[in-house]
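Structure first, then comments.
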Amino acid sequence: MEPLQSLRGTVDLLPAQTPFWQRVEAVARDQFRRAGIAEIRTPLLEVTELFARGIGEATDVVGKEMYTFLDRGERSCTLRPEGTASVVRAVIQHGLLAQGPQRLWYGGPMFRYERPQAGRQRQFHQIGLEFLGFADPRSDAEAIAIAWDLLAELGLGGLALELNSLGSSDDRLRYRGELVQWLEGHRQQLDPESQQRIATNPLRILDSKNPQTQALLAGAPTLAAALAPESQERFERVQQALSRLEIPFVINPRLVRGLDYYSHTAFEITSSQLGAQATVCGGGRYDGLVGQLGGPATPAVGWALGMERLVLLAQAASDPAAFQAAVPDLYVISRGSEAEALALPLARRARALGLAVELDLTAAAFGKQFKRADRCGARWAAVIGEAEASEGVVVLKDLRDPQGVDLRLSPEALLARLLA
RNA sequence: GCGGGCGUCGCCAAGAGGUUAAGGCAGUGGCUUGUGGCGCCACUAUUCGGGGGUUCGAGUCCCCUCGCUCGCCCCA
């Protein structure tokens with residue numbers, strides 16, 4: 001029988017890795033708690049139309065990366081490729097906006113059918129923030145600040161915040177016209193990939209990695225110049241707010257978000273230590289999405305952090321010693337059926353009192369059990385052999401003090417001593 | 001979807017066509033039938049992801065296939 005393997009692009013997080021994840025999750029939770037942001041949990045599975053409508057049919061994510069299938073009721077279902085559409089759907093469905101603006105966070109697995117590479121899996125995990133019902137430029141800055149501080153809290157260096165404004169939908173429509181016209185005029189000089197995208201998604205050509213295309217683009221009309229005065233002013237106010245928060249940023253006029261719902265502020269936080277997939281956090285404003293999904297016109301801003309990438313960085317930045325597996329306070333050694341019978345409840349009682357206890361279940365020779373007790377780093381060993389069992393006592397041994405005298409104590413006395 | 005690299009024990013890893021597949025870690029047993037951390041001894045891959053081929057002979061060369069990985073695309 002051949003052993004089965006996990007699906008391509010999915011990974012098992014082994015016990016050596018989970019402490020890093022727990023750390024990152026704990027830091028994020030605490031950051032959200034202090035900022036008064038509540039958690040929302042939505043299903044992993046949604047009706048396909050949610051993403052088609054929310055993210056945009058023309059995007060790569062929707063066009064070729066979704067896990068979509070028909071369920072037994074012939075409904076087209078999709079494993080969520082991102083979190084924002086679901087959060088917005090839930091907020092509309094439950095009328096949360098009637099109670100006022102919402103400050104929400106979410107986390108969990110997302111699914112995209114792509115070729116795996118460093119920092120990219122088919123099942124990956126995001127933590128995200130959504131501010132719904134906030135139009136003020138300060139809300140953009142606050143959302144960014146929360147992400148920035150979260151990353152700082154984890155001790156990550158080498159991060160850069162890139163910022164751009166995509167303008168209003170009117171601005172983009174106008175600019176798109178100008179850009180397409182210009183691109184058509186230079187069609188022959190573009191790489192084949194970009195030529196294709198003139199028709200499908202011309203704005204994305206701006207962040208093409210092709211050097212020749214980039215050089216050519218220097219002469220193209222800019223998005224910044226196409227922004228209406230109000231959009232321009234709004235962008236400046238976001239920058240002012242960030243400056244007041246002393247969060248450094250770089251304007252990247254070529255930064256374009258891949259999902260259709262973004263407008264005005266777009267940003268990415270990248271790391272120089274991640275290889276090709278350098279974006280740790282990406283987000284922006286999406287004032288049109290709530291309305292587009294059938295809700296009341298609602299301004300909104302949000303972001304998502306890639307957990308795999310974050311953990312990669314956190315792991316590199318952290319002291320490995322701080323992430324050792326939890327060390328038990330007490331290791332219980334027993335040999336012989338009577339002794340084993342006593343060891344089991346002793347371990348349980350010690351745990352009920354708050355101690356971390358490992359019970360040796362192997363019935364191996366004492367020498368073996370001691371070896372394990374020592375290796376796991378426990379401070380104390382409780383030893384029960386046949387003699388102790390018949391007397392109803394337990395030997396308490398200080399594993400960290402070779403000269404120490406072993407004590408023969410009743411189970412009660414032993415627990416009392418450990419708690420003292 | 002398209003490229004590059006790699007695939008030897010649970011983990012790390014030697015091995016560059018010649019015949020018994022090093023070594024380290026971990027594991028198991030023992031030295032020590034009840035007392036650990038050190039040490040010593042023993043055991044642990046008829047087999048090199050899988051399948052074909054070349055050769056007197058292949059883990060080492062060729063082909064196919066699967067998998068992993070990095071990159072393009074895309075994105076967090």
Side-chain angles (χ1 to χ4, degrees), chain A residues 2-9 11 14 16 55 58-66 81-84 107-129 147 151 191-194 196-197 200-201 204 207-210 255-259 262 267-271 274-284 302-313 331 333-336 339 360 362 364-378 380-389 395-402 404 406:
Chain A
E2 311 229 329
L4 266 22
Q5 276 191 308
S6 55
L7 281 168
R8 157 164 268 201
V11 296
L14 302 179
I55 302 172
T59 61
D60 279 20
V61 169
V62 173
K64 52 185 202 193
E65 295 175 1
M66 294 203 303
E82 57 104 50
T84 300
M110 309 291 164
F111 303 84
R112 263 124 89 160
Y113 193 87
E114 302 176 89
R115 285 292 292 271
Q117 72 187 68
R120 193 173 75 189
Q121 299 295 330
R122 287 180 176 178
Q123 176 180 332
F124 63 106
H125 299 77
Q126 291 186 330
I127 283 183
L129 169 79
L151 296 168
D191 59 280
E193 207 95 45
S194 295
Q196 294 233 318
R197 278 193 285 187
T200 56
N201 205 343
R204 292 220 57 91
D207 66 354
S208 162
K209 282 183 190 166
N210 184 297
L255 176 64
V256 181
R257 308 262 67 218
L259 312 182
Y262 287 108
F267 74 92
E268 281 185 10
I269 299 173
T270 58
S271 166
L274 278 175
Q277 308 302 319
T279 304
V280 187
C281 178
W303 48 251
L305 274 166
M307 281 292 286
E308 279 76 6
R309 295 175 190 180
L310 198 49
V311 169
L312 235 43
L313 293 172
Y331 192 95
I333 291 173
S334 63
R335 190 160 166 80
D360 197 308
T362 62
F366 271 100
K368 267 285 171 243
Q369 296 195 47
F370 269 99
K371 199 169 276 192
R372 276 194 284 266
D374 186 62
R375 283 223 191 159
C376 77
W380 303 99
V383 188
I384 315 177
E386 292 296 2
E388 289 78 15
V395 171
L396 179 65
K397 190 179 179 72
D398 186 341
L399 291 169
R400 299 294 152 240
D401 179 11
D406 296 358

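Between the side chain of A/Gln369 and the backbone N or O of A/Ala364 there is at least one donor-acceptor pair closer than 3.5 Å. Between the side chain of A/Arg122 and the backbone N or O of A/Pro116 there is no donor-acceptor pair closer than 3.5 Å. Listed for the A/Arg112 side chain is no donor-acceptor partner under 3.5 Å among the backbone atoms of A/Gln121. A/Arg335 places no side-chain N or O within 3.5 Å of a backbone atom of A/Ile384 that could act as its donor or acceptor partner.
In this structure, CZ on A/Phe366 lies 7.5 Å from CD1 on A/Ile333, to the nearest 0.5 angstrom. Between atom CD1 of residue A/Ile55 and atom CD of residue A/Glu82 there is a gap of 4.0 Å, rounded to the nearest 0.5 Å.
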Report summary line: Letter by letter from the 5' end, nucleotides 30-40 of chain B scores (B base, S sugar-phosphate only, - none; protein heavy atoms under 4.0 Å) ---SBBBB---
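Rounded to whole Å, the C1' atom of B/G30 lies 43 Å from the corresponding atom of B/G51. As rounded to the nearest Å, B/G59 and B/G71 have C1' atoms that lie 29 Å from one another. When the P atom is used for both B/U33 and B/G15, the distance is 44 Å, rounded to whole Å. A gap of 49 Å separates the C1' atoms of B/U54 and B/A76, to the nearest Å. Distance check on atom C1': B/G37 versus B/A22 gives 29 Å, rounded to whole Å. Using atom P as the reference point in both B/C12 and B/U69, the two lie 13 Å apart (nearest Å). Using P as the reference atom, B/C25 and B/C38 are 11 Å apart when rounded to the nearest Å. Between B/U20 and B/G34, the two C1' atoms lie 42 Å apart (nearest whole Å).
Rounded to whole Å, atom P of B/C75 lies 11 Å from atom CG of A/Leu255. In this structure, A/Ile269 places its CD1 atom 13 Å from P of B/A76, rounding to the nearest Å. Note: CG (A/Leu4) to C1' (B/C66) measures 14 Å, nearest angstrom. In this structure, CG of A/Leu274 is placed 13 Å from C1' of B/C75, rounded to the nearest angstrom. The separation between A/Glu308 atom CD and B/A76 atom P is 14 Å, rounded to whole Å. Counting to the nearest Å, the P atom of B/C73 and the CZ atom of A/Arg112 are 16 Å from each other. Distance A/Leu310 CG to B/A76 C1': 10 Å, rounded to the nearest Å. For the pair A/Glu65 CD and B/A76 C1', the computed distance is 12 Å after rounding to whole Å.
Residue A/Ser6 is the one, among A/Ser6 and A/Tyr262, whose nearest nucleotide of RNA chain B lies closer to the 5' end (criterion: closest heavy atom).
Relative to the side chain of A/Arg8, the nucleotides B/C72, B/U69, B/G71 differ in distance, and B/U69 lies closest.
Residue-level contact check: A/Arg115 touches the bases, meaning some heavy atom is under 4.0 Å from a base atom. Within the nucleic acid shown, A/Gly119 comes within 4.0 Å of at least one base atom, counting heavy atoms only.
Under the Watson-Crick and G-U wobble criteria, each requiring two contacts below 3.5 Å, nucleotide B/C72 is paired to B/G1. Across all strands shown, B/U47 remains unpaired; no Watson-Crick or G-U wobble contact has both distances below 3.5 Å. Partner assigned to B/G67 is B/C6, using Watson-Crick or G-U wobble distances below 3.5 angstrom. As the counterpart of B/U35, no nucleotide is assigned, since no Watson-Crick or G-U wobble pattern has both distances under 3.5 Å. Using the Watson-Crick or G-U wobble rule with both distances under 3.5 Å, B/C56 pairs with B/G18.
Close to B/C73, at under 4.0 Å from its OP1 or OP2, lies no side-chain N or O of A/Arg120.
The minimum heavy-atom distance between A/Ala373 and A/Tyr331, with the atom names listed, is CB-CD2, 3.4 Å.
Between the side chain of A/Gln117 and the base of B/C73, at least one donor-acceptor pair of N or O atoms lies under 3.5 Å.
Looking at heavy atoms from C-beta onward, A/Glu308 lies out of side-chain contact with A/Arg120 at the 4.5 angstrom threshold.
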Requested in this report: List the steps, then state whether side chain to side chain contact (heavy atoms under 4.5 Å, CB included) holds for A/Asp360 with A/Arg372.
Outcome: CA-CA 9 Å; A/Asp360 197 308; A/Arg372 276 194 284 266; 3.1 Å; yes
